[in-house]
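Structure record follows, encoded as structure tokens.
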Amino acid sequence: MSTRGIYNRAGEPFGYLEGSRTYDLNGNQTGVVREQVIYDMDGNRRWQLDGDAVLDPRGNVIGYLGERVSHGEW
């Protein structure tokens, strides 16, 4: 399974994507990805993915996904 960092527009990490689950930097699951949409743990639409871009519900770019890293590469 691969992991990708989630970064804000300034390049600062604020979470990561592992498979179809998102986590904060403390390792707490914060959401799940279904059909290019990230839902929070309550099932609310939080962000959308467009390629490597992370968009807010209005379509504004808030960040991006980093390169894929497999667990064997850490």
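Sequential numbering from 1 along the given sequence is applied to the chain's residues.
- Evaluation of the side-chain contact (heavy atoms from CB on, under 4.5 Å) rule for E67 yields no partner, not counting sequence neighbours.
- Here salt bridge (Lys or Arg N to Asp or Glu O under 4.0 Å) pairs that include residues 50-60, with residues two or more places apart or in two chains, are R4-D52.
- With sequence neighbours left out, the side-chain contact (heavy atoms from CB on, under 4.5 Å) criterion links Q36 to L49.
- Hydrophobic cluster of Y64: the remaining members, joined at side-chain heavy-atom separations below 4.5 Å, are Y7, listed by chain and number.
- N26 pairs by the side-chain hydrogen bond (donor to acceptor under 3.5 Å, both in side chains) definition with nothing, not counting sequence neighbours.
- Among pairs with a residue in residues 34-43, none fulfils salt bridge (Lys or Arg N to Asp or Glu O under 4.0 Å), at least two apart in sequence or across chains.
- Counting all heavy atoms, side chain and backbone alike, G31 lies closest to M41 at N-SD, 3.6 Å.
- Hydrophobic cluster membership for L55: V61 (Ile, Leu, Val, Met, Phe, Trp, Tyr linked by side-chain heavy atoms under 4.5 Å, directly or transitively).
- Of all non-hydrogen atoms in T22 and V32, the two that sit nearest each other are OG1-N, 4.1 Å.
- Separating the CD1 atom in I62 from the CZ atom in R46 is a distance of 7.5 Å, to the nearest 0.5 Å.
- Hydrophobic side-chain contacts under 4.5 Å tie Y16 into a cluster, directly or through other members, with Y23.
- Qualifying side-chain hydrogen bond (donor to acceptor under 3.5 Å, both in side chains) partners for R9, counting only residues two or more places apart in sequence or in other chains: none.
- Between atom CD1 of residue I6 and atom CG of residue L25 there is a gap of 9.0 Å, rounded to the nearest 0.5 Å.
- With sequence neighbours left out, F14 forms a ring-ring contact (aromatic ring centres under 6.0 Å, His included) with W47.
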